[in-house]
Number of protein chains: 2
Amino acid sequence: MSEIVERSGVPVATVKYYLREGLLPPGESTGATSALYGEDHVRRLALIRALTDVVGLSVAKTKVVLGLIDSPRTDLYVTLGEAVAALPPYAQDDVEDLARARSAIETLGWLYDPSYPAVAQLERALAAAESVGMPMSAERLRGYGEHLRAIAQIDIAQVPSGDAKAAIQYAVLGTALYEPILAALRRLAHQDVSSSELGARPGGA
Amino acid sequence: MSEIVERSGVPVATVKYYLREGLLPPGESTGATSALYGEDHVRRLALIRALTDVVGLSVAKTKVVLGLIDSPRTDLYVTLGEAVAALPPYAQDDVEDLARARSAIETLGWLYDPSYPAVAQLERALAAAESVGMPMSAERLRGYGEHLRAIAQIDIAQVPSGDAKAAIQYAVLGTALYEPILAALRRLAHQDVSSSELGARPGGA
DNA sequence: CAATACTGGATACTATGACTATCCAACCAC
DNA sequence: GTGGTTGGATAGTCATAGTATCCAGTATTG
């Protein structure tokens, strides 16, 4: 065990905690006081840290996501839905009306399936923006929609097509792990756009 | 006070807590046992809930963001940087090398300013994806970059241009509050793209 | 005008989450 | 055989985000 601790940089006590919580599978037991851990465990630890530290999931939600990766359910659509439900922004599933989300999705001409968790998440996010006096305009929505759809196409083009299980795993992780990248890139794009369009410059106008 | 409690839906004890923590400004005192609260306070409460519940900020980070909105610093660039630093994915500011982020930004031909917090956030997000075996390809990056830059242009076109303070407030809130919308839309776009390209359908293939 | 109800403010308490530390007995390596 | 690890169990810690209680000073109303 000292090996994976050293290679992953995660403290022993924490590794034991993940073992306890069922995030990390036990090593192959070789007697009462030792077990074998391998490359898999190191990768698993990296994944756990990525989901908790970077994506910001709780240990409980991380466990859900890992469970979906380990044994994907029936099909991609259902599995991805469950994964999405484990990702922020969390929307409680008590019946809120989905009017804003529905109207947005219809404006975009996209598939509207109210059972898909992202719909409630969108509703919540739109309601929050509105409650603060920054409602989403239809025009802005259409702009976002166009470019996000293009991004989604890029994402989907990467999904391995042969093995169904691999495809689901890729889709789940891709949804979760690329989100922070997208957020950071948007922030950087703001910089770049304002610098090149308005002449703003690092260190003050 | 019962008024804002009722209108905002936030429990009294919690309102008092926000008052204590300095997230909510005190009402205009009218004697030792009463104070006046108004529309401003209701809006402020909505903003606090939006930042904590939807964006997922801690009370402490929320306070930072609110502080920037209340009294923006020197200029937009600096203020937005501080706001961005208060947003996930958090990157500790101890000297990590920013090789991945730098290379990504250079690939895109964007402005590279290592002091801008989003650079460290990008580094962390890219490193996480890589550590899990899903590194970002240059090709995918270019695709993301193109579309996110377009989104950033939409964002910046909305920023009010007259009043500098209003512009800063808008930029800070827009960065934070639209992020969950973008995340949800991307997830929905995945649905729509896969449904129209692969023939997948709600309820199973 | 007196009883009751409601404030603002201070203080103390609780619940949850994510670790972290301690023990212990079994081993394995020398 | 004996000292240092290991796996496993149990208990303790710390931070965060509230809740709950108390209190005394109004305000209200019959």
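The chains referred to below are lettered A, B, ... by the order of the sequence lines, with proteins before strands, and numbering in each begins at 1. Since the structure is predicted, the reported quantities are computational estimates derived from the model, not experimental observations.
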(request) State which residue, out of Ile69(B), Leu177(B), Leu87(B), fulfils the side-chain contact (heavy atoms from CB on, under 4.5 Å) condition with Val172(B). (result) Ile69(B)
Could you tell me the separation between the [atom1] atom of [X] and the [atom2] atom of [N], rounded to a whole number of Å?
X: Ile4(B); N: dT7(C); atom1: CD1; atom2: C1'; result: 12 Å
X: Leu19(B); N: dT11(C); atom1: CG; atom2: P; result: 15 Å
X: Leu23(A); N: dG17(C); atom1: CG; atom2: P; result: 14 Å
X: Lys61(B); N: dA15(D); atom1: NZ; atom2: P; result: 16 Å
X: Leu45(B); N: dG18(D); atom1: CG; atom2: P; result: 12 Å
X: Lys16(B); N: dA20(D); atom1: NZ; atom2: P; result: 12 Å
X: Tyr37(A); N: dT5(D); atom1: OH; atom2: C1'; result: 13 Å
X: His41(B); N: dG8(C); atom1: NE2; atom2: C1'; result: 13 Å

From the list [options], which nucleotide is the closest neighbour of the side chain of [X]?
X: Val59(B); options: dA17(D), dG9(C), dT7(C); value: dA17(D)
X: Tyr18(A); options: dC19(C), dA12(C), dG7(D); value: dC19(C)
X: Arg20(B); options: dA12(C), dA17(D), dA18(C); value: dA12(C)

(request) Mind checking the OH-CZ spacing from Tyr178(A) to Arg186(B)? Nearest 0.5 Å is all I need. (result) 9.0 Å
(message) To the closest 0.5 Å, what do you measure between OG (Ser161(B)) and CD1 (Ile156(B))?
(response) 12.5 Å
(message) What contact category does Thr52(A) fall into here, base, sugar-phosphate, or nothing, at under 4.0 angstrom with non-hydrogen atoms?
(response) nothing
(message) Mind checking if Ala13(B) touches a base, just sugar-phosphate, or nothing, with heavy atoms under 4.0 Å?
(response) base
(message) Need to verify one output field. Residue with the more 5' nearest nucleotide on DNA chain C, Pro26(B) or Tyr17(A)?
(response) Pro26(B)
(message) Below the 4.0 Å mark, does dT20(C) have OP1 or OP2 next to a side-chain nitrogen or oxygen of Thr14(A)?
(response) yes
(request) Looking only at non-hydrogen atoms, find the nearest pair between Leu111(B) and Asp192(A) and report the distance. (result) N-OD1, 3.0 Å
(message) Regarding Arg100(A) and Glu130(A), does a basic nitrogen lie under 4.0 Å from an acidic carboxylate oxygen?
(response) yes
(request) Map Ser34(B) and Asp53(B) onto DNA chain D by nearest heavy atom, then report which one ends up closer to the 5' terminus. (result) Asp53(B)
